[in-house]
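Comments concern the structure below.
All residue numbers refer to positions in the sequence shown, counting from 1.
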Amino acid sequence: MNSEPPVTSDASEAVTPEALRKQYESGATVDELVATSGLSYGTVLNRLHDAGTEMRTSWQTRRMRQDPQARQRLATHLRTLYEQHGATLTELAAAAEGTRRAARRLLIEAGGSVRTTQQTMRMRAAARAADRQELALSLRARYEAGATVPDLAKECNYSVATVYRLLHQAGTRKRPKHNHGPARTPRKRS
């Protein structure tokens, strides 16, 4: 009733350690070798070991299978984010949808070098200072064109004091105060 005869040890011997090694080194996983050969997981591992196969980690297999051009583009993109925008490894991992370790590997593959935490903090502080200076110059131009400080504060969602500080940072000359009270008559000297 059984149409296929049971696999004998002779059939399992037909899958040589060298054949398994060749398939493994071409990118096949141990699980895939088990499925295609009909051998047990342990037998496949033993035969790979007998053939002197250097085993890979799962990330090395994924890396081996990944499109090299797509990987290179991702690595270059991550390096740009890291070096020009001050991104952290955690942010790179989120952008690459991977781990910090994988993002670090990609960064290094693209020719980047990993910064210390202090270097990242200094880089981000410099970027914030540049953004703040740009904002200060923009506020100065609008102030000199006639906008009031309260209006600028409302538009930027800053306090009036912050807008004054930014205007001062940009070297803005304040307009003279206007006296909106009742007119005073000059006192005569006797």
Taking C-beta and beyond as the side chain, do [X] and [Y] meet within less than 4.5 Å on heavy atoms?
X: Leu78; Y: Leu107; answer: no
X: Thr88; Y: Tyr82; answer: no
X: Leu139; Y: Tyr164; answer: no
X: Ser40; Y: Val34; answer: no

Give the minimum heavy-atom separation between [X] and [Y], together with the two atoms involved.
X: Arg47; Y: Pro17; value: O-CB, 3.3 Å
X: Arg56; Y: Tyr24; value: NH1-O, 2.5 Å
X: Ala93; Y: Ala103; value: N-CB, 3.7 Å

How does the hydrophobic cluster around Leu137 look, that is, which other residues are in it when side-chain heavy atoms under 4.5 Å mark a link?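 None; Leu137 is a cluster of one.
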
Under 3.5 Å, side chain of [X] to main-chain N/O of [Y], donor-acceptor pair present?
X: Thr43; Y: Leu39; value: no
X: Arg140; Y: Ala170; value: yes
X: Glu144; Y: Ala141; value: no
X: Thr36; Y: Glu32; value: yes
X: Arg79; Y: Ala110; value: yes
X: Asn46; Y: Gly42; value: yes

Going from OH on Tyr41 to CG on Leu33, what distance comes out if it is rounded to the nearest 0.5 angstrom? 10.0 Å

Give the intermediate values and the outcome of side chain to side chain contact (heavy atoms under 4.5 Å, CB included) for residues Thr116 and Gln119. CA-CA 5 Å; Thr116 64; Gln119 289 170 323; 3.2 Å; yes

Pair listing, salt bridge (charged side-chain N to carboxylate O under 4.0 Å, His left out) test, anchored in residues 119-137, at least two apart: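 For residues 119-137, and leaving out neighbouring residues, the salt bridge (charged side-chain N to carboxylate O under 4.0 Å, His left out) pairs sorted by first residue read Glu91-Arg124.
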
Mind jotting down which residue pairs meet the salt bridge (charged side-chain N to carboxylate O under 4.0 Å, His left out) criterion with at least one end in residues 102-113? Sequence neighbours excluded, please.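 Output for this query lists Arg63-Glu109, Arg71-Glu109.
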
Will you find, in the side chains of Thr117 and Thr120, an N or O donor that is under 3.5 Å from an N or O acceptor?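 Side-chain D/A pair, Thr117 to Thr120: absent.
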
Report yes or no: is the cationic atom of Lys174 (NZ for Lys, CZ for Arg) closer than 6.0 Å to the six-membered ring centre of Tyr143, at no more than 45° off its axis?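 Verdict for Tyr143: no cation-pi partner in Lys174.
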
Arg21/Glu25 salt bridge by N-O under 4.0 Å criterion: yes

Given side chain to side chain donor-acceptor pair (under 3.5 Å), test Thr76 with Arg73 step by step and report yes or no. CA-CA 5 Å; Thr76 302; Arg73 283 191 303 272; over 6 Å; no

